[in-house]
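Report on one structure; see the data block that follows.
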Amino acid sequence: MRIAVTGSIATDHLMTFPGRFADQLVADQLHTVSLSFLVDNLDVRRGGVGPNICFGMGQLGGNPILVGAAGYDFDEYRAWLDRHGVDTGSVRISEVLHTARFVCTTDKDHNQIGSFYTGAMSEARLIELKAVADRVGGLDLVLIGADDPEAMLRHTEECKARDIAFAADFSQQIARMDGEEIRTLLDGATYLFSNEYEKGLIEAKTGWTDEEILSRVGHRVTTLGSRGVRIERAGEPAIEVACPEEEAKVDPTGVGDAFRAGFLTGLSWGVGLERAAQVGCMLATLVIETLGTQEYTLRRTNFIDRFTKAYGHEATTELQSHLS
């Protein structure tokens, strides 16, 4: 399968302040705040839902096609993704804007002050999927992830117009979208991804019941945190897959993206829904054990051993040829 992944491309600049923000705030001067915090460290991480998902697919041996907009400072990030099996040939490079950036400072009480610069992400709305499909010889599935809202709507409408299967995965953008936009994004999707909270928010904003949404999508994939994932189809019994045992819980950031990477890769291998979800849960477990969304290493023998422990020899046998 040729799978394109659309979504934000960003870098995270994370800093730590050894004191407390509250100690620096003067109650009767909050209308004229002027503060500068001397921080102890700076951690720059690669991020964005598009690259996070593509990186995971690349680690599993896939060749995902990243679709999104980045700035003229993208060269180093592009080289990293290229080295890890990601096709970056359809990334739009802005001539005037930097790659989107999240800058955040955390104090000793874990309070945070952050800013998100959208930058080149705003140009994702200018990308045409037909050009992507023509370049790679057609698309079998497009995952439409959190990105510039206009881009998400354009990609969805183009998939419907060109009869390209798509997966709706609006995650962080649900908060700013209204019911009509969400209805447009999910109606006709082959897969609808969300976590449990987002599932409730989707129903509340669209005004559609769970049954009505199931009638409008092929599969509803809901991640359940430490309890794994549930896959539902209209008129079919739900499939539930548990998570493998964690060796450590270091950082949950990017776990959902890793699940999607494993699940989509399983689909591209032609395995069933349950097996694809097991691959997703195994990859997500590796990410939660690592600091950073693209800092883990997939060691084939270790992956197979842990997968077998979690899901049994029969499950591993189905995947052996893909993971060798």
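Model, not experiment: these values are computed from the prediction.
Residues Met177 and Val217 share a hydrophobic cluster, clusters being chains of Ile/Leu/Val/Met/Phe/Trp/Tyr side chains in contact below 4.5 Å. There is a path of hydrophobic side-chain contacts, each under 4.5 Å, that joins Val132 to Val142. Under a hydrophobic clustering in which Ile, Leu, Val, Met, Phe, Trp and Tyr are joined whenever their side-chain heavy atoms come within less than 4.5 Å, directly or via other members, Ile231 and Met1 fall into the same cluster. Under a hydrophobic-cluster definition in which Ile, Leu, Val, Met, Phe, Trp and Tyr are linked whenever side-chain heavy atoms come within less than 4.5 Å, directly or via other members, Met121 and Leu153 are assigned to different clusters. Cluster membership for Val49 and Ile65, using ILVMFWY side-chain heavy atoms within less than 4.5 angstrom, is not shared.
Here NE2 of His155 is found 11.0 Å from CG of Leu185. Values are rounded to the nearest 0.5 Å. Here the CG atom belonging to Leu283 is positioned 6.5 Å from the CG atom belonging to Leu298, to the nearest 0.5 angstrom. One distance of note links CG of Asp87 with CG of Leu81; it measures 10.5 Å at 0.5 Å rounding. From Leu186, atom CG reaches atom OG of Ser194 across 10.0 Å, with rounding to the nearest 0.5 Å. Atom CD of Gln59 is separated from atom NE2 of His84 by 5.5 Å, given to the nearest 0.5 angstrom. Annotation: the span from Arg260 atom CZ to Thr265 atom OG1 amounts to 13.5 Å, rounded to 0.5 Å.
In this structure, the side chain of Thr105 does not engage the main chain of Leu14 through any donor-acceptor pair within 3.5 Å. A donor-acceptor pair under 3.5 Å is absent between the side-chain atoms of Thr223 and the main chain of Gly225, judged by distance alone. Distance alone, capped at 3.5 Å, is enough to place a donor-acceptor pair between the Glu212 side chain and the Thr209 backbone. Put simply, the side chain of Thr99 gets close to the backbone of Gly71: a donor and an acceptor are under 3.5 Å apart. The main-chain N or O of Arg2 is found under 3.5 Å from a side-chain atom of Asp140 such that the two form a donor-acceptor pair. Here the side chain of Thr206 pairs a donor or acceptor atom with the backbone of Trp208 at under 3.5 angstrom. No donor-acceptor distance shorter than 3.5 angstrom exists from the side chain of Ser122 to the backbone of Thr118, with no hydrogens or angles considered.
No more than 12 heavy atoms of other residues, nucleotides or ligands sit less than 6.0 Å from atom CZ of Arg176. Surrounding CG of Leu35 are more than 12 heavy atoms belonging to other residues, nucleotides or ligands, all under 6.0 Å away. Within 6.0 Å of CG on Asp28 lie more than 12 heavy atoms contributed by other residues, nucleotides or ligands. With a 6.0 Å radius and a threshold of 12 heavy atoms from other residues, nucleotides or ligands, Lys160 has its NZ atom above the threshold.
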Output, in order, the C-alpha distance, side-chain angles, deciding distance and verdict of side chain to side chain contact (heavy atoms under 4.5 Å, CB included) for Thr106 and Asn111. CA-CA 6 Å; Thr106 304; Asn111 296 309; over 6 Å; no
Just do the side chain to side chain contact (heavy atoms under 4.5 Å, CB included) check on Glu246 and Ile288 with the steps written out, would you? CA-CA 8 Å; Glu246 301 163 355; Ile288 204 170; 3.8 Å; yes
Could you walk me through whether Glu295 and Val287 pass side chain to side chain contact (heavy atoms under 4.5 Å, CB included), step by step? CA-CA 8 Å; Glu295 306 306 320; Val287 173; over 6 Å; no
Thr222/Glu196 under side chain to side chain contact (heavy atoms under 4.5 Å, CB included): CA gap, chis, key distance, verdict: CA-CA 6 Å; Thr222 307; Glu196 280 188 294; 4.1 Å; yes
With side-chain hydrogen bond (donor to acceptor under 3.5 Å, both in side chains) as the criterion, how do Tyr77 and Gln294 come out once you've worked through the C-alpha distance, each side chain's angles and the decisive distance to 0.1 Å? CA-CA 11 Å; Tyr77 199 168; Gln294 298 177 33; 2.9 Å; yes
Using the side-chain hydrogen bond (donor to acceptor under 3.5 Å, both in side chains) rule, take Ser90 and Arg135 through it: C-alpha gap first, then chi angles, then the decisive distance, then the call. CA-CA 8 Å; Ser90 292; Arg135 184 180 70 83; 3.0 Å; yes
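Of all heavy-atom pairs between Phe55 and Val86, the closest is N-CG2, 4.0 Å. Across all their heavy atoms, Cys54 and Pro64 have their closest contact at O-CG, 3.4 Å. What you find for Leu141 and Leu264 is that their closest heavy atoms are CD2-CD2, 3.8 Å. Here the closest heavy-atom approach between residue Gly61 and residue Arg300 is recorded as N-NH2, 3.9 Å. For Ala69 against Glu123, the heavy-atom pair with the smallest separation is CB-C, 3.9 Å. When all heavy atoms of Leu139 and Leu129 are compared, the closest pair comes out as CD1-O, 4.3 Å.
Aromatic ring centroids of Tyr72 and His98 lie under 6.0 Å apart.
The existence of a salt bridge linking Lys108 and Asp40 is excluded, since no basic side-chain nitrogen approaches an acidic carboxylate oxygen closer than 4.0 Å. We find that Glu150 and Arg154 are not joined by a salt bridge, their nearest charged nitrogen and carboxylate oxygen being 4.0 Å or further apart. Salt bridge status for Asp107 with Arg20: absent, with no side-chain N to carboxylate O gap under 4.0 Å. For the pair Arg162 and Glu128, the salt-bridge criterion is met [side-chain N within less than 4.0 Å of a carboxylate O]. A salt bridge is defined here as a Lys NZ or Arg NE, NH1 or NH2 lying under 4.0 Å from an Asp or Glu carboxylate O, and Arg306 with Glu289 meets this definition. A salt bridge between Asp210 and Arg220 is present, with a side-chain N of the basic residue lying under 4.0 Å from a carboxylate O of the acidic one. Salt bridge annotation for Glu245-Lys309: present, with a cationic side-chain nitrogen under 4.0 angstrom from a carboxylate oxygen. Using a cut-off of 4.0 Å between Lys/Arg side-chain N and Asp/Glu carboxylate O, Asp187 and Arg216 are scored as salt-bridged. Between Arg78 and Asp82, no side-chain nitrogen of the basic residue sits less than 4.0 Å from a carboxylate oxygen of the acidic one, so the salt-bridge criterion is not met. One finds no salt bridge joining Asp178 and Lys205 here, because no Lys/Arg side-chain nitrogen approaches an Asp/Glu carboxylate oxygen to under 4.0 Å. Checked for salt-bridge contact, Glu318 and Arg275 meet the test: a charged N lies under 4.0 Å from a carboxylate O.
Between Val91 and Ile9 there is a side-chain heavy-atom pair separated by less than 4.5 Å. No side-chain heavy atom of Asn63 sits under 4.5 Å from any side-chain heavy atom of Met57. For the pair Ile304/Leu319, no side-chain contact is recorded, criterion being any heavy-atom separation below 4.5 Å from C-beta on. Taking 4.5 Å as the limit, some side-chain heavy atom of Ile182 sits within range of a side-chain heavy atom of Phe170. A heavy-atom distance below 4.5 Å is found between the side chains of Ile174 and Ile202. By the 4.5 Å heavy-atom criterion applied to side chains, Glu203 and Ile213 are counted as neighbours. Contact check for Tyr311 versus Thr316: no side-chain heavy atoms found under the 4.5 Å cut-off. For the pair Phe307 and Gln278, the minimum side-chain heavy-atom distance is below 4.5 Å.
The aromatic rings of Phe263 and Phe259 sit parallel, their planes meeting at an angle under 30°, below the 60° perpendicular limit. Aromatic ring pairs are classed by plane angle as parallel below 30°, tilted from 30° to 60° and perpendicular above 60°; the pair Phe21 and Phe17 is parallel.
When only modelled atom types and interatomic distance are considered, Asn52 and Thr293 share a side-chain donor-acceptor pair under 3.5 Å.
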